[in-house]
2 protein chains.
Amino acid sequence: MKILPEKTVERLSQYRRTLYNCIDQGKERIYSHELALLLNITAVQVRRDIMFIGYNSYQRKGYDIKDLIGKISLIIDTQEPLNVAVIGYGNLGKAITTYFIGNRPKLNLVAAFDIDPKKIGSEVNKIKCYSIDRLREIIVNNDITIAILTVPTHSAREMAKILVQSGIKGILNFTTVNLNVAPNIYLEEYDMITSLEKVAYFVKHKPEEEE
Amino acid sequence: MKILPEKTVERLSQYRRTLYNCIDQGKERIYSHELALLLNITAVQVRRDIMFIGYNSYQRKGYDIKDLIGKISLIIDTQEPLNVAVIGYGNLGKAITTYFIGNRPKLNLVAAFDIDPKKIGSEVNKIKCYSIDRLREIIVNNDITIAILTVPTHSAREMAKILVQSGIKGILNFTTVNLNVAPNIYLEEYDMITSLEKVAYFVKHKPEEEE
DNA sequence: TAACATTTGTTATAAAAATAACAATAATTT
DNA sequence: AAATTATTGTTATTTTTATAACAAATGTTA
Ligand SMILES: NC(=O)c1ccc[n+]([C@@H]2O[C@H](COP(=O)([O-])OP(=O)(O)OC[C@H]3O[C@@H](n4cnc5c(N)ncnc54)[C@H](O)[C@@H]3O)[C@@H](O)[C@H]2O)c1
Ligand SMILES: NC(=O)c1ccc[n+]([C@@H]2O[C@H](COP(=O)([O-])OP(=O)(O)OC[C@H]3O[C@@H](n4cnc5c(N)ncnc54)[C@H](O)[C@@H]3O)[C@@H](O)[C@H]2O)c1
């Protein structure tokens, strides 16, 4: 299967979550425009994304929700779960750990790391915190490929380098510095301040234009 | 000034933060390719964004960092600070509050809201938590225009509706449901699970392609 | 059963974003 | 002082993403 557009991958993740909610509500089939409404996008967008993954409904009946979830999972999940580690077990690292557990079956949070002796050895929701000195060893032995980076801003760049050297393939960066990584490492910047400043800008500028 | 592209606004926020770091390190001027390297993007991208905001350096000398920060701030900040509220004062809401205070001078976090009587009246970093029943009153009286939404997923959509009815103009949505809002409300979905699933997908698919 | 309506799947078009190309300018070297 | 180099600012091009248009399928109504 050809590689999918980034934006489509994003939406597929959201479709799936939304579809699970629909199942919880006893729904079995869904039209493109219904799904679109739930995601605040257009029906064409939905159909185009579904075209990308090569799913077909029986025309005019909408999509079978379970089938569609299955197909999306086939595309965006890996066969074997991927192993994930949290780097920096502070406020945010712990909050994420609590939130994360059990949320995604194909993503296993397996370890946390910190530099602070007081944190090393501690556990949150069964996820143990190891010394950052053992990073490489544990990453390699447990086949960890994804890192959630929640260290303080000033050590983020250094840590990113070490992570990549240790064999990490993808980083979700919660710190508020942009990182430099080789192009074969997938990096997702997840920056709250930027998002908030963006909201502020468009709050100020958008209303004049539309409607 | 014409409205800027979304991606440019995002990057401007990041340029500014990065430039502040440069000042801390005693740097006074910076070349487009230096700034680009720090953000993991291209120099052309940097120059193009700077063109959008109409800033000019003396050619071949790079940009004066202080000047550039000033110009960016003029564009993306408001004259008067905008007032912000946190909706849902749980783990995440409180973590954000701690983190947020003092971080952005033109964004004032002024109140938090919760439905849980145990939380109402509590304070984190001087930010007081009010009953959700007083939402409208407090939003109007304090001219709050931006909401950070950190309530549980199941009440997110209802809360979004109430927020908009109360006069909120922008929402930063941390919950993992997509919201429906009128087109004159600026909504930024800030969804960790989606970001993580995206990382997982491209960890699986990207390396084969590039390099 | 003929006309109409609804919904999908796909191709065509438009809009947004990123990249490339390059002229202009100023500093440096020869 | 001519040639070379480095850097910006801008226009042109390409790529990516979103939207529009519409044919095909299938059900519904007259
Ligand atoms: N808290 C939030 O809501 C929030 C929001 C947005 C962004 N962030 C960003 O997330 C990061 C963490 O924030 P936080 O509030 O959890 O801070 P925190 O201080 O509570 O946690 C940071 C943890 O990292 C550990 N650490 C320091 N250096 C380390 C190293 N080299 N290797 C491993 N661990 C190390 C510290 O011991 C600490 O436990 C910061 O970069 C911050 O900018 C936080
Ligand atoms: N914790 C994380 O790291 C994390 C990460 C990503 C996303 N999220 C999302 O953020 C949201 C909050 O997560 P959390 O971990 O802070 O949960 P939490 O349960 O700790 O906090 C939720 C708070 O909202 C309050 N609340 C409930 N209904 C309300 C209402 N109608 N109005 C106002 N307040 C109300 C609750 O009393 C509670 O204090 C969830 O939607 C979750 O999906 C959390």
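Keep in mind that the numbers below use all heavy atoms, side chains included, and drop hydrogens, waters and symmetry copies. Proteins come first, then strands; the chains are lettered A, B, ... in the order of their sequence lines, and each starts at number 1.
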Can you list every side-chain hydrogen bond (donor to acceptor under 3.5 Å, both in side chains) pair that touches residues 154-168 of chain A, not counting sequence neighbours?
R157(A)-N180(A)
Roughly, in whole Å, what's the span from CD1 in I41(B) to C1' in dA18(C)?
10 Å
Write down the distance between CD (E10(B)) and P (dA17(C)), rounded to a whole number of angstrom.
9 Å
Do T153(A) and T176(A) meet the criterion of a side-chain donor-acceptor pair at a distance under 3.5 Å?
yes
Using a 4.0 Å heavy-atom cut-off across all strands, classify R11(A) as base, sugar-phosphate, or nothing.
sugar-phosphate
With a 4.0 Å cut-off on heavy atoms, is Y63(B) in touch with a base, just the backbone sugar-phosphate, or nothing at all?
sugar-phosphate
Is it the case that the side chain of K61(A) and the backbone of I30(A) share a donor-acceptor pair, with hydrogens and angles ignored and the cut-off at 3.5 Å?
no
Aromatic ring pairing Y186(B)/F202(A), orientation class (parallel under 30°, perpendicular over 60°, tilted between)
parallel
Contacts of type ring-ring contact (aromatic ring centres under 6.0 Å, His included), residue Y190(A), not counting sequence neighbours:
F174(A), Y190(B)
Of all nucleotides in DNA chain D that come within under 4.0 Å of a heavy atom of chain A, which is furthest toward the 5' end and which toward the 3' end?
dT17(D) to dG27(D)
By side chain to side chain donor-acceptor pair (under 3.5 Å), which residues pair with S13(A), not counting sequence neighbours?
T194(B), E197(B)
Who passes side chain to side chain donor-acceptor pair (under 3.5 Å) against Y63(A), sequence neighbours left out?
none
Going by heavy atoms closer than 4.0 Å, what residues in residues 30-40 of chain A are next to DNA chain C?
Y31(A), S32(A), H33(A)
